[in-house]
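Okay, structure first, notes after.
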Amino acid sequence: MTERTLAKAINEGLRKSMEDNPKVLLLGEDIGKLGGVFRVTDGLQKDFGELRVIDSPLGEAGIVGASVGLAMRGYRPISEIQFDGFVYPAFDQLVSQVAKQHARSEGAITMTLVVRIPFGGGIGAVEHHSESPEAYFAHTAGLRVVSPSTPNDGYWMIRQAIECADPVIFLEPKCRYWEKGEVDETAPPSSLFSAAVRRTGTDATLVSYGPSVKTCLAAATAAEGEGRSLEVIDLRSISPLDVATVVASVEKTGRLIVAHEAPVFGGIGAEIAARLTERCFYSLSAPPLRVGGYHTPYPPSRVEEDYLPNVDRLLDALDRAFEF
Amino acid sequence: MTERTLAKAINEGLRKSMEDNPKVLLLGEDIGKLGGVFRVTDGLQKDFGELRVIDSPLGEAGIVGASVGLAMRGYRPISEIQFDGFVYPAFDQLVSQVAKQHARSEGAITMTLVVRIPFGGGIGAVEHHSESPEAYFAHTAGLRVVSPSTPNDGYWMIRQAIECADPVIFLEPKCRYWEKGEVDETAPPSSLFSAAVRRTGTDATLVSYGPSVKTCLAAATAAEGEGRSLEVIDLRSISPLDVATVVASVEKTGRLIVAHEAPVFGGIGAEIAARLTERCFYSLSAPPLRVGGYHTPYPPSRVEEDYLPNVDRLLDALDRAFEF
Amino acid sequence: MVRAGRGTREDAPDAQVDFVQLLSPTGERVEHKDYALEISADEAKGLYRDMVHVRRVDVEATSLQRQGQLALWAPLRGQEAAQIGAGRALEPDDFSFPGYREHGIAWCRGISPAQSARSFRQVTNGGWDPYEFNHAEPSIVIGNNAINAVGYAMGVQHDGAESAVMVCIGDGAMSQGDIAESFVWAAVFQAPVVFLLQNNHWAISEPTERQSRIPLYKRADGFGFPGVRVDGNDVFAMLAVTRAALARAREGSGPTLIEAFTYRMGAHTTSDDPTRYRILAEVEEWERKDPIDRLRTYLLATKAADQAWVESIDAEADVAARELRDAVLSMFGPSPISIFDHVYQEPHPLVDEERAEMVALIGAEEAGSLK
Amino acid sequence: MVRAGRGTREDAPDAQVDFVQLLSPTGERVEHKDYALEISADEAKGLYRDMVHVRRVDVEATSLQRQGQLALWAPLRGQEAAQIGAGRALEPDDFSFPGYREHGIAWCRGISPAQSARSFRQVTNGGWDPYEFNHAEPSIVIGNNAINAVGYAMGVQHDGAESAVMVCIGDGAMSQGDIAESFVWAAVFQAPVVFLLQNNHWAISEPTERQSRIPLYKRADGFGFPGVRVDGNDVFAMLAVTRAALARAREGSGPTLIEAFTYRMGAHTTSDDPTRYRILAEVEEWERKDPIDRLRTYLLATKAADQAWVESIDAEADVAARELRDAVLSMFGPSPISIFDHVYQEPHPLVDEERAEMVALIGAEEAGSLK
Ligand SMILES: Cc1ncc(C[n+]2csc(CCOP(=O)(O)OP(=O)(O)O)c2C)c(N)n1
Ligand SMILES: Cc1ncc(C[n+]2csc(CCOP(=O)(O)OP(=O)(O)O)c2C)c(N)n1
Ligand SMILES: [Mg+2]
Ligand SMILES: [Mg+2]
């Protein structure tokens, strides 16, 4: 057990996968000498060479498109999109090729690749550097979408994503890159696509993933002071969803609040709310409520605190859930 | 009042807007001499010239990106994306420029443009010609998303979309292009962003838009035979949603079924279900149910009937809603 | 605003500058300083046979579509030499990426016309196992597989394999951003890839001038690799130039853009009506440069073949056409339930749940029976 | 696989082929056959003043960022001549589209350094009214505004207006598909647009060789319009070439690509650490070609200016820097509630609902107060 930052944990997970499997290649902008703008690939080019850690031309369609070809040739390309807001030029490659090749080829081709994307806000960045595009990917059948919230998950989930035969969109909560936690290198905490109950409680369930998990835990602590016991679930996988874990919790608590940074309207919170309502209709004491970004472009970061789900907004939703 | 196909009605709406406003320009692939692959722009280049009906180079990022520049210069570009599956190369332009310029410029720039997209399946087409990408757009703040389901709406909604100061994604249900209906040219049926109750009923509410409205009406007729009275709502606007109209209906019926062709998982049906659960929690006799595409790429069209929401699937959902 | 479409006189079909031709429209062998071709009578006859077959099969597929047996067909008529010349230049180890019109190249890769027809019958969105034939499924989204091809070529390079990759693009595709990115990557990494651009003069209803003011093969220069324009109706020239480009790729000298200057004689697809946008005279002009006619003239003139052989090839092609017809008519769609089979390779709870839903709804039997 | 980065010797900074220079690194006037420039002493002094100002302000902004007053800054040091030369070539009616580093061009358009700093302080994602200055907001998504610029230029053309459009791109941007599409459209429609490519040798940590094996200005040829490489550290050459390109655009002769061959002397942004990827010797070599030094040498040598004047300009620039500092320190963010103001131009029920939610949550006063 060693304490590491999330960024470093992912770096070590990448390193381990590269050591284990020579077919693993990294590609992306500035991932070589610079080690990526967040240093997640720091040192990897030095140790694995320019043939396995490839500074790519500046073009995301190219990065993902070349990954598709490399995967077809039997490689396991792990690409980095420098920031969330720069993944959109690759959208056609993701939707039309990455997500569909396996089905199109009646199973002959596997799109064994990972697209790493630092995502989310809260770092005081300029425009296009704080986006949460997960709903776009989750709605796209053929993709898998995961997000670690702790260093231990960062280390293991990247390794599991690389091992997964299907394409994985790997969303790294950039505002948590520098937070530290224990990494247990002996065994993975669980399968890549299962949710984790981060805190048990009885009165309401908070569901989240990536950057907002910590916010939910803080809200649970605050609520405890008000005499409310909250269960906090870290989805870890956004697609597929580990619905069973959430259902079990909601059947117990009767109240559900989903939090994410992406705009609420059409966000993945809607899917969770709708699905849980269907599954837990008679257990619900209140409708599932959602806390997340507003229906606005990500705002100037001086005002991002008021845009993101924060403890106050979560507690407010909790109050509303208890008013039903 | 004249009877027209949906395709022809949209054609005439475009023509009227071009006559009324010299700033209206059309651009897209094959929209000139060919009149578009669905002939929606038939005759317009002949009558308005090559300067106003522009056959564009083959590139959707270019089509939408050039529209952005034309809009900045004060034009009202109406672009055509030839098929739904070809809009993804333009995704970055839509998300990063079209949706955000107005906010970015603190209101100085208006993105007064329309992107027309024939969408949806049911025409026995090959891959990429049957997609329903509306959830991607609806989740994108800054865009408006509408879809006509009748010729009268086709005529009026395209005109209203062109007049709207904000960018409008105009989704044309291609499987309904050749269906006929009355067009009343004297006055628009309602505002562009309001839903329409297409059939009144008391036992359950079916909500849909575009191609599935007709399917819902057929299901309502079938259900009538089984003694169930269904209300059918045509949303017309997917973003913004006319929530009030749906709420009023669900408060009356207590049951809600949402249908769309897009995959259910992460689809706009989730948003409607979640929002209505929140608004009508005590009125609901059953959880809102969703009927739509499966979590698969759009399948080979020989099997599309089983993929799309059809009357059987709607009636099955209805049965399930009555089992609660 | 729309000033395009006037000029580009260099694009006139008889311009011979930088235009590789080894067999003239009237069937005479011509020499070219950069591209020699030694070709035996048997090889030449093989090419003829290929071209006649793919044309005959193409006609059959078109008529199958007219009879409602195919959802669509994208005819290749006029482009047989471009496809057969390029296709026969490929070695078995090479890997190719086609568009939707490349039935001729598929044929060269050993894919049967029936397999080519599967996606047009919409019993699948694929058609064959790409690894069996080293030939990817077509990409219908114009241009987006070119960068996949470059990625594949980077993999070949990484393997240290001595093979090359070819990707087919059209004159319309040349305007797509993805094509440019694939050019950038191919040049920067010196990937072993050949871009086979079939300039058939039309992108549905839009003439090439709507995509470029200058000849398309020149595009490559600006990215730092060679572009060459070939008489795309001359199967010898296509074979020679493609062979050279593939050899160049295999030896590590990087990409080449080959512009096969040819013509789409038919409609864009069976859904298209070319009379709305092009004049008959143009089509007639290209009839005179027919790729099959010119090779037949050559074969007969050089006595490599006689009329009886020519007729035997037509008869063979009729058989292939009948085989296609029979195969198509007995080709069934997937079962409804099979749509869940290959969404993912690994288990996926939502897919399992929805599969079960379908079974519950329509019954296991219907869900499992072919459409 | 990664064979790039070796070659492109033509890219060596002292190659003079096809390289427009009117003022040598040592401050001597040079003639160029295609680009004459008559420039008065006052004009030259004006350019000097501009360059000194934008450099001084750039230093101030960098230090403001270091002090936590700006979220980020993208320094332009080294690129003053490229930006001021091009920026001063613009006429008021022309419209320009910048990237995030074009503070020099913004300055020429009349935008104050404080306005340029607004987005870096993140009180807005914009900065100014584009129509007031005929200068769009920067695009941070690399390359995607080039096609917007072409669309705008098509609008200019449609209006029959005699003005031109300029869009700024970088050496990295040249790899983006959107740039290629903008080249296609500009060429096909002969849009009145100038692509100002500042090749500053780096795209963050990646050298130009990672984007192209050959000089970037050659890219234009393949699309059918002229590309020209200019000494980007020579403000006279930049002025002359940009003027010529804009004039060409205005008279309907279509687009031009100008490659300003220059160097990013500083970090990519204040978040960057260039010591990780480039050697000091390279930076020092470019110091010797400093754009401001060479113009100062010229002005002093030709007696257009004396030392006292030079010092007065420095003093003026210090004032501008102080003004920037004062403005930034007193610059507040938007109110939380204002994020709902310009999502749409027309009323939108969901936005209204969420605005009300926020007010209910944090109270009207907090929601309305500046951050
Ligand atoms: C991204 C995308 N946009 C639009 C289309 C619709 N479309 C199909 S074929 C075609 C024209 C292609 O022209 P070209 O590249 O010259 O190939 P050709 O059909 O002539 O072989 C178009 C616009 C598409 N398939 N993909
Ligand atoms: C689409 C996109 N991808 C990645 C980035 C991240 N990024 C910001 S600047 C930059 C390098 C740009 O290089 P260049 O075009 O040469 O411009 P320069 O910064 O040198 O002025 C990158 C990769 C981005 N802003 N947009
Ligand atoms: Mg073509
Ligand atoms: Mg640069």
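Only a predicted model underlies this, so the values are computations on that prediction, with no experimental measurement involved. Residue numbering restarts at 1 for every chain, and letters A, B, ... go by the order of the sequence lines.
Residues of residues 77-92 of chain A having a heavy atom under 4.5 Å from any heavy atom of chain C, listed by number: A:Asp92.
Contact between A:Ala66 and C:Met154 at its shortest, heavy atoms only, is CB-SD, 4.5 Å. Smallest separation of non-hydrogen atoms from C:His348 and A:Ser239: NE2-OG, 4.3 Å. The minimum heavy-atom distance between A:Ile109 and C:Pro130, with the atom names listed, is CD1-CG, 3.6 Å. Contact record, C:Asn144 with A:Ser96: ND2-CB, 3.8 Å, taken as the closest heavy-atom pair.
Contact check for A:Cys164 versus C:Glu346: side-chain heavy atoms found under the 4.5 Å cut-off. Proximity of A:Val243 to C:Pro349: side-chain heavy atoms (C-beta onward) are nowhere separated by under 4.5 Å. The shortest side-chain heavy-atom distance between C:Asn148 and A:Gln93 falls under the 4.5 Å cut-off. With a 4.5 Å cut-off on side-chain heavy atoms, A:Ile54 and C:Phe189 count as touching. Contact check for A:Ser105 versus C:Asp129: no side-chain heavy atoms found under the 4.5 Å cut-off.
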Applying side chain to side chain contact (heavy atoms under 4.5 Å, CB included) to A:Arg73 and C:His158, what does each step give before you reach the verdict? CA-CA 10 Å; A:Arg73 182 72 188 182; C:His158 204 270; over 6 Å; no

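The closest donor-acceptor contact from the side chain of C:Gln345 to the backbone of A:Thr110 lies at 3.5 Å or more, if one exists at all. With hydrogens and angles ignored, the 3.5 Å screen pairs a side-chain donor or acceptor of C:Tyr131 with a backbone N or O of A:Met72.
For a residue to count as touching a neighbouring chain, one of its non-hydrogen atoms must lie under 4.5 Å from one of that chain's; by this rule C:Glu353 touches chain A with the side chain only. If you measure heavy-atom distances from C:Thr124 to chain A, the contacts under 4.5 Å come from the side chain alone. If you measure heavy-atom distances from A:Ile63 to chain C, the contacts under 4.5 Å come from both the backbone and the side chain. In this structure, no portion of C:Ala186 lies under 4.5 Å from any heavy atom of chain A. With a 4.5 angstrom heavy-atom cutoff, A:Leu58 does not touch chain C via any of its atoms. Of the atoms belonging to C:Val343, heavy atoms from both backbone and side chain fall under 4.5 Å from chain A. C:Asp341 does not touch chain A: none of its heavy atoms, backbone or side chain, sits under 4.5 Å away. Using a 4.5 Å cut-off between heavy atoms, C:Val156 touches chain A through backbone and side chain atoms alike.
Between chain A and the options C:Asp159, C:Val141, C:Val351, the largest number of non-hydrogen pairs under 4.5 Å is found for C:Asp159. If you tally non-hydrogen atom pairs under 4.5 Å between each of A:Ala141, A:Gly74, A:Gly142, A:Pro167 and chain C, the highest count goes to A:Gly142. For the options A:Ser56, A:Ser67, A:Ala244, heavy-atom pairs under 4.5 Å to chain C are most numerous at A:Ser56. No other option in C:Asp178, C:Val184, C:Ile339 has as many heavy-atom pairs under 4.5 Å with chain A as C:Asp178. Counting heavy-atom pairs closer than 4.5 Å to chain C, the top-ranked of the candidates A:His102, A:Met111, A:Gln101 is A:His102. Put simply, of A:Leu241, A:Thr112, A:Val68, the one with the most heavy-atom pairs under 4.5 Å next to chain C is A:Val68.
A salt bridge between C:Glu137 and A:Lys100 is absent, with no side-chain N of the basic residue lying under 4.0 Å from a carboxylate O of the acidic one.
Summarising the local packing, NZ of A:Lys252 is surrounded by more than 12 heavy atoms from other residues, nucleotides or ligands at distances under 6.0 Å.
Of the N and O atoms on the side chains of A:Glu106 and C:Asn125, not one donor lies less than 3.5 Å from an acceptor on the other residue. No donor-acceptor contact under 3.5 angstrom links the side chains of C:Asn145 and A:Gln97, judged on distance only.
Remark: C:Tyr344 engages B:His295 in a side chain to side chain donor-acceptor pair (under 3.5 Å) (not counting sequence neighbours).
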